[in-house]
Amino acid sequence: MEQYCDNNQWINWLPCGALIIDERYDVHEWNNVLAKWTGISPRQAKQLNLFQQYPHLREPRFRSRLQQVFSEGNPAVYSEGFHKHFLPIDYELKGKKVRMIQRTHVRRLPGERPLAFITIEDLTSQYHQLAEIREEIRQRKIIEEEFRNHFNLLNLVSDLQTNYLITGDSNQFFDHLIQRLTVYSDCEFGFIAEFSSQNSENGLIVRGICNRSTDPHVAKFIQRYENQDVVFGGKTKVFGTILKTREPVSVENPIDLTDTATYPAGHPFIQNFLGMPLLYGNEILGIVGLANSPQPIPKTEYESLRPYLKSCAHLIHAMHLEEQRKADREALKKRANELLEAKKQAEQATQSKSEFLANMSHEIRTPMTAILGFSEILSDESASKQEKEKAIGTIQRNGEHLLMIINDILDISKIEAGKIEMEQTTFSTRQLLEDIISLMKHKAEGKGLELIARIDPDVPEQLLGDPTRIRQILVNLIGNAIKFTHHGSVTTSLSTKPLPEDPNRFHVRFSVADTGIGISSEKIESIFKPFSQADTSTTRKFGGTGLGLSISQRLSQMMGGDLTATSELGVGTTFVAEFVLPKPTSVPQETTVETEKPKPAELVSSEQQARILVVDDSPDNRRLLGFLLKKNGYPCDYAVNGREAVDLALKAWKQNTPYAVILMDMQMPILDGYSATTELREAGYQYPVLALTAHAMSHDREKCINAGCDDFLTKPIDRGKLQEALATWCKQAETAVESSV
C-alpha cells in the first residue's frame with residue numbers, strides 16, 4: 001500500500017484530475033491537474049478532509065456510493081450532468097463562467113488499508129461542443145423547413161415556379177421570369193440582378209437578362225451576359241436611389257445604367273425604365289429592371305408585379321441559405337477533420353510516451369540491477385578484495401548513469417517549461433572541441449573507430465556563449481555516432497562564418513559525420529521528437545532515453561541556430577549543429593591566482609569545534625552525511641524531522657553553542673524542511689541553513705531560498721560541492737558568533 005503514497009509521481013502524469021482518500025475521507029494525494037482547477041496545492045490538499053471541504057458530498061447520492069467503494073470494493077461512477085458535480089469547479093468557456101461538467105470514477109486501491117482512487121474527467125468542452133452541434137443541426141432543420149416553405153410559396157404563384165421546382169434550374173427560373181415580366185409589361189429589355197457584397201460600390205450580379213430587340217448589335221452585346229454571373233455596372237443614381245429608399249424608381253427620359261457617360265459598344269439605348277427592389281422582409285437583395293416599353297411604366301405597375309418579385313427574392317434568399325449551408329457543411333467537415341487529426345496526434349503522443357516509459361523502465365532497471373547485485377558482492381565475506389573493488393567501480397558507474405538519465409529528464413522538462421537559461425561566457429571554441437575529442441577518444445578506440453577532428457583555420461580563438469550547453473550537444477552527437485558505428489570513423493568538423501549584417505557575430509557550424517548504420521528517410525524527422533528514437537528496436541539494441549537529440553535541437557535553436565540530420569541506410573549519418581555567437585567585446589587576460597581553500601580544521605573557532613546538524617528522515621542519508629562530515633573533521637548531531645531540528649537548533653542557540661550549519665532536508669514527515677526553516681527564522685535564528693533536496697529545478701531553489709534557506713544543495717550528494725559549501729558557511733557562522741559576543 002505504501003507504494004501509492006510514497007511514489008506519487010504517477011498521479012501527476014494523468015491528464016485528468018486525480019486524488020486518493022482514506023475511509024475517513026482525508027486526502028492523501030492530490031495531483032497537479034486538481035491543483036490547477038481548484039487553486040488548492042497538493043501540499044494544502046493533504047491537510048484537508050474531503051467532506052469538510054465539500055459538504056455537498058455528504059448527500060446520499062454521493063456518500064452512499066463512496067461507502068460502498070470502501071465496504072464492498074465496487075467502483076462508482078458519477079456521470080456527467082449539472083446535478084452530479086463531484087467537485088464544484090468553475091470553468092471559463094468562451095469568456096463566460098460555467099460550472100465544469102464532470103465524469104467521476106471511484107475505485108478502491110488494493111491493499112490492507114482502505115484507500116479510494118478518484119479520477120475526475122473534464123467534459124465541459126465536449127458537452128458544449130455537442131450542444132453547439134445540436135444547435136447547428138436545429139438551425140439547419142429550421143433553414144431546411146424555411147427553404148421548403150419557399151418552394152411551396154412558388155407553387156402558388158405561377159407556372160414558372162412549378163417549372164423551377166421540376167427542373168431545379170435557377171438560371172432557367174430567372175430567365176423565364178424576366179421574359180414573362182417583359183412580355184407582361186411590353187418591354188424590349190429586362191434584367192434581374194443581385195447586389196454583390198463583394199463589390200465595394202454595391203455592384204450588381206446579373207441573374208437573368210431578356211432581350212426582345214431586333215438590333216443584331218444589341219443581341220450580340222446581351223448574349224455575352226446571358227446565363228453568367230457578371231458584375232453589371234456600379235452604383236448609379238438610379239440604383240443608389242432604389243438601394244436607399246427600397247422603393248421603385250420610374251424614369252421616362254433616356255438614362256445611363258453605367259458609371260460612364262457613354263454606353264459600352266453594343267449596349268442598348270435605355271428609356272422608359274422601371275427599377276424595382278427585390279425585398280426579403282426589410283432586406284433588399286437586388287433589383288429587377290424593365291426598359292424600352294412603348295409607354296412610360298408607372299410605379300403602380302410594381303404592385304401588380306409584387307408576387308413575382310417576392311418569389312424571386314425568396315429564391316435568391318434560399319440560394320444564399322444553400323450557399324451558407326454548404327459553407328457550414330464545409331466548416332463542420334473541416335472541424336471534424338481537425339478533431340480527427342488532433343485525436344491522431346494525441347494517440348501518437350500517448351504511444352510515444354508509453355514507449356518512453358517502457359524505455360525509461362529498462363534504462364533505470366538495468367543499472368539498478370547492477371547496483372543491487374554488486375552491493376550483495378560487497379556484503380559477501382568470501383569475495384576477494386579485487387572483486388570488491390570492481391563491485392565498487394560498477395556501482396559508481398551505474399549510479400552516474402542513473403544520474404545522467406535524471407538530468408536528461410530535467411533538461412527536457414525545463415526546456416518545455418521555458419525555464420532554461422543560457423549563460424554568456426567567453427570560451428575557446430578550439431579548446432572546447434579538443435577537450436570533447438579527448439573525452440570521447442577512449443570510447444571510439446574501444447570499438448576500433450577512428451575519431452577525427454577538423455577545425456577551420458578561420459575559427460575565432462574566443463566566442464561568447466554557453467560552452468556547457470555546446471559541450472552537452474557535441475557529447476551527445478559524438479556519443480550517438482560512436483554508438484551506432486561499428487567500423488570506420490567519426491569525423492567532427494568546426495567552421496565559422498561572420499554574419500553579413502554584423503561581422504562581430506558568427507555563424508558557428510559543428511558537423512558530426514559517421515560511417516554507421518544510418519537512418520531511413522521516412523524516420524529522419526521523428527528522431528528529434530521527445531520520447532522517441534528512429535524505432536523501438538533501436539532502443540532495445542542500443543539503449544537510450546530518446547531525449548538527447550530533442551534536447552540538443554532545442555538548445556541549438558535557443559542559441560539562434562538549429563540541429564539537422566542527413567542520412568543513408570548502411571552508409572552513415574551526418575548531424576549539423578549550428579549556432580549564432582558573438583565575439584566578446586573585450587578579451588580579458590588570463591591570470592592564474594593560486595588560492596588555497598581553507599581546510600575544515602581552520603574553520604573551527606578557538607572556543608569550540610564547528611558542529612553540523614544533519615536533518616533527514618532517511619537513516620541511510622543520515623549515515624552517509626555523518627560519514628562524510630566526520631571524515632572531514634566536523635562533529636554532527638542528527639534530527640529525523642523538522643520538529644526535532646527546530647527544537648535542537650533553538651536549544652543549542654539559547655545555550656550559546658549554536659550549530660555552525662544546519663543541513664536541512666526539505667521533504668520530511670511531521671514538519672517539512674520549508675516549515676522548519678521558516679519557524680527558525682521567525683524565532684530570530686540567524687545561523688546558516690542549507691537546503692538539501694532531491695528536487696533540482698530552478699523554482700525549487702527559489703522555494704527553498706524564500707523559506708529562509710541560505711543555500712541549496714541537491715541529491716545525490718556531491719562531496720566536492722558539499723565540502724565547498726560547508727567551508728564557506730562555517731566561516732560565516734564563525735563570524736556571526738564573534739559579532740554576537
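What you are looking at is a predicted structure, and each value in this text was computed from that prediction instead of being measured.
No side-chain donor-acceptor contact under 3.5 Å links Q557 and R554. Side-chain contact check for D672 and S675: at least one donor-acceptor pair (N or O, by modelled atom type) lies under 3.5 Å. If you check the side chains of Q431 and D435, you find a donor sitting under 3.5 Å from an acceptor. Side-chain atoms of T693 and Q667 form no donor-acceptor pair, as typed in the model, at a separation below 3.5 Å. W729 and D711 share a side-chain donor-acceptor pair at under 3.5 Å.
Closest approach of P460 and K583 over heavy atoms only: CB-CE, 4.1 Å. Taking every heavy atom of both residues into account, S511 and V576 meet most closely at CB-CG2, 4.1 Å. Contact record, L692 with D665: O-OD1, 3.0 Å, taken as the closest heavy-atom pair. Of all the heavy atoms in T678 and A707, the pair that sits closest is OG1-O, 3.2 Å.
Between the OG1 atom in T492 and the CD1 atom in I436 there is a gap of 8.5 Å [rounded to 0.5 Å]. Rounding to the nearest 0.5 angstrom, the gap separating the CD1 atom in I482 from the NZ atom in K441 is 12.0 Å.
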Full working for side-chain contact (heavy atoms from CB on, under 4.5 Å) between L449 and S489: CA-CA 5 Å; L449 303 176; S489 63; over 6 Å; no
Side chain to side chain donor-acceptor pair (under 3.5 Å) between S428 and E461, intermediate numbers included: CA-CA 6 Å; S428 170; E461 181 58 33; 3.2 Å; yes
Check against side-chain contact (heavy atoms from CB on, under 4.5 Å), L629 and L726: CA-CA 9 Å; L629 294 173; L726 289 176; 3.1 Å; yes
From CA spacing to verdict: side-chain contact (heavy atoms from CB on, under 4.5 Å), V580, R505: CA-CA 7 Å; V580 175; R505 293 173 63 83; 3.4 Å; yes
Please tabulate, for side-chain N and O atoms in residues 641-649, each donor-acceptor pair with protein atoms closer than 3.5 Å (sequence neighbours left out).
| unit_1 | atom_1 | unit_2 | atom_2 | d |
| --- | --- | --- | --- | --- |
| N641 | OD1 | R643 | N | 3.0 |
| N641 | OD1 | E644 | N | 2.9 |
| R643 | NH1 | E679 | OE2 | 2.9 |
| R643 | NH2 | E679 | OE1 | 3.1 |
| E644 | OE1 | V640 | N | 3.2 |

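For R622 (side chain) and D616 (main-chain N/O), a donor-acceptor pair under 3.5 Å exists by modelled atom type. A distance-only check finds a donor-acceptor pair linking the side chain of T515 to the backbone of H487 [under 3.5 Å]. A donor-acceptor contact shorter than 3.5 Å is absent between the side chain of N31 and the backbone of N12. With hydrogens and angles ignored, the 3.5 Å screen pairs no side-chain donor or acceptor of S438 with any backbone N or O of E434.
Under a cut-off of 6.0 angstrom, the local environment of NZ in K388 is crowded, with over 12 non-hydrogen atoms contributed by other residues, nucleotides or ligands. Within 6.0 Å of CZ in R454 there are 12 or fewer heavy atoms belonging to other residues, nucleotides or ligands.
Figure legend: K497 and F506 shown without cation-pi pairing, the cationic atom not lying both under 6.0 angstrom from the six-membered ring centre and within 45 degrees of its axis.
Between P467 and T425 there is a side-chain heavy-atom pair separated by less than 4.5 Å.
Note: Y685 and W653 have perpendicular aromatic rings, judged against thresholds of 30 and 60 degrees for the angle between ring planes.
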